[in-house]
There are 2 protein chains.
Amino acid sequence: MSADAYPGTQAVQRAVTVLKAFTDAQPELGLSALARVVGLNKATTYRLLTALEREGLIARTGTREQYRLGPELIALGVRAMRSSDVRAVSRPELETLARATGETATLEVLADGDVLILDEVMGSHLVSATHWVGTRWHAYATSTGKAMLAFLPNAQLRDALPTRLALSGRGTRTRADFYKELEKIRAQGFATNVEELETGFAAVGAPIFNHDAQVIAAISIGGPRTRFTDKVIKQLAPRVKQAAARISQQLGFRP
Amino acid sequence: MSADAYPGTQAVQRAVTVLKAFTDAQPELGLSALARVVGLNKATTYRLLTALEREGLIARTGTREQYRLGPELIALGVRAMRSSDVRAVSRPELETLARATGETATLEVLADGDVLILDEVMGSHLVSATHWVGTRWHAYATSTGKAMLAFLPNAQLRDALPTRLALSGRGTRTRADFYKELEKIRAQGFATNVEELETGFAAVGAPIFNHDAQVIAAISIGGPRTRFTDKVIKQLAPRVKQAAARISQQLGFRP
DNA sequence: ACACTGCGGTTCACATTATGAACCAACGTT
DNA sequence: AACGTTGGTTCATAATGTGAACCGCAGTGT
């Protein structure tokens with residue numbers, strides 16, 4: 001059934017399929033369930049699982065009855081994160097942004113509908129260390145998240161959005177309103193977040209495109225609403241947008 | 001050469017070997033270099049790489065000449081991180097610890113300078129039920145608390161410690177003495193608590209580290225001093241330490 | 001006590017699948 | 001212009017991975 005596509009290493013492809021079968025919704029799976037999900041024979045699935053377990057990419061629950069993603073994947077993920085070239089290219093831009101404004105600059109990517117912080121440079125104002133890296137937020141309530149969502153193909157956008165768009169403090173936003181906001185973001189090239197995620201916090205974000213003109217990340221400057229007045233946000237927006245554009249350009253993006 | 005070990009899925013094992021070849025020191029590798037590192041035929045390596053690239057676990061540099069770990073690996077890593085939270089991973093270790101020793105095993109984290117009990121498995125000896133979960137103690141007077149404090153960065157340690165270090169029964173301890181004890185704990189990898197918290201109660205605790213080598217929790221075995229003689233404590237310490245190490249490993253910690 | 005159904009795990013004959021020596025074409029040095 | 005690289009490709013060979021059918025077990029409804 002599944003378009004087997006290319007020749008070559010089938011076992012590897014299947015193994016990866018097995019890994020991808022573990023979602024946040026289903027972080028633990030039994031052998032039979034897993035075989036059903038990935039559409040493979042139980043014996044095959046079992047062999048793949050044990051092979052992956054030997055390598056540490058798969059672990060088992062205490063009772064050894066269920067499987068889940070293993071510790072080695074965390075290590076690999078961290079390494080992948082570090083070696084991602086968006087990160088390398090963005091670093092200097094984040095630093096100049098943070099130095100020039102005194103606020104905190106972040107680099108974020110989409111991961112399963114959430115926004116994942118890849119890198120961060122603290123401004124002069126805040127005290128907290130850089131332990132935000134690795135945390136996640138709802139994409140639709142962050143400046144970076146919205147900046148990315150706005151430039152996503154429709155099909156992917158639908159997957160990335162949850163059914164309800166909850167906001168801090170205020171109630172739920174309608175889908176129509178949200179789409180209208182995305183359109184505005186597309187037009188102006190940046191997105192804002194004013195106390196949507198957390199009261200007292202505001203940010204401006206702009207998208208980063210790869211050589212293939214696809215959104216792959218976003219950067220932002222954020223800080224307390226007391227300093228991030230509407231006027232300040234308006235001043236910061238073009239800076240963030242330009243920094244993002246420079247990064248995109250370095251990644252091979254040609255408008 | 002490499003002991004092929006078990007039968008079964010060789011391609012998968014090799015594919016994982018390829019992934020693991022990318023280190024922080026060598027985040028980008030060419031085909032030939034990679035083949036040399038993993039000791040595989042160039043053709044084989046190439047097939048594995050393209051299969052992995054198709055799945056997004058491997059990406060290529062802008063010029064498409066070098067390979068590196070791909071974005072999908074970040075997503076998988078994050079998922080692995082989420083699905084292996086301390087509590088779930090620690091559970092089985094606590095259980096075996098409690099069963100093997102007959103004493104009560106606990107999992108604790110730091111919260112505002114206090115130690116907070118996250119989970120607990122009762123041994124066969126005590127009567128009290130598991131309603132300890134959720135209670136808090138002074139970190140500096142518990143085995144788990146000290147185990148965590150000992151491995152905390154200095155800045156955080158200062159925040160976590162109160163100005164006075166009161167002890168049950170005995171008077172106040174000097175800061176210098178306490179730092180000296182922390183140093184010892186760091187050296188031996190575990191901490192003890194002999195009637196510091198409460199007369200008649202003793203415990204051994206060991207720290208748990210996350211993928212980023214930060215202390216995030218600690219486990220302990222505790223019981224009445226009548227059974228927890230100095231000799232018994234010495235016997236239990238390595239067990240606790242090893243259990244903690246296993247948990248850390250499952251969380252992605254690489255010593 | 002029963003058959004029934006699900007589970008994780010195992011077996012083994014079979015052939016699909018992965019393998020690697022040898023091969024290109026292209027680039028940089030010498 | 002011969003050499004030593006590189007990334008990428010070919011193809012005959014057999015080793016590798018495959019999956020239907022199997023096991024023992026635990027739970028469940030009868």
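Computed from a predicted model, the values in this text were never measured in an experiment. So that the names make sense, note that chain A is the first sequence line, chain B the second, and so on, each numbered from 1. Every heavy atom of this structure was used, including side-chain atoms; hydrogens, water molecules and symmetry mates were not.
Not one side-chain nitrogen or oxygen of A/R14 sits closer than 4.0 Å to the OP1 or OP2 atom of C/dT17. Residue B/Q10 has a polar side-chain atom (N or O) positioned under 4.0 Å from OP1 or OP2 of C/dT19.
Not a single donor-acceptor pair under 3.5 Å links the side chain of A/T9 to the backbone N or O of A/A11.
What separates CG of B/L49 from P of C/dT19 is a distance of 12 Å, to the nearest Å. Between the CD atom of A/Q13 and the C1' atom of D/dT18 there is a distance of 15 Å, given to the nearest Å.
Here the closest non-hydrogen pair linking B/A243 and B/E93 is CB-OE1, 3.6 Å. For the pair B/L236 and B/F228, the tightest heavy-atom approach, listed with the atom from each and the gap, is CD1-CE2, 3.6 Å.
On the P atoms, D/dA26 is 22 Å away from D/dT30, given to the nearest whole Å. With both ends at atom C1', the span from C/dA15 to C/dT19 equals 15 Å, rounded to whole Å. Spacing between D/dC25 and D/dG29 at atom P, rounded to whole Å, works out to 22 Å.
Within the model, atoms CD1 of B/I74 and CZ of A/R87 stand 9.0 Å from one another, a figure rounded to the nearest 0.5 Å.
For the pairing with A/L48, the side chain to side chain contact (heavy atoms under 4.5 Å, CB included) check across A/V38, A/I58, A/L40 returns one residue only, A/L40.
The pair B/R254-A/E72 counts as a salt bridge, with a side-chain nitrogen and a carboxylate oxygen less than 4.0 angstrom apart.
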Scan nucleotides 6-11 of chain C nucleotide by nucleotide, 5' to 3', and note B when protein non-hydrogen atoms come under 4.0 Å of the base, S if they reach only the sugar-phosphate, - if neither. -SBBBB
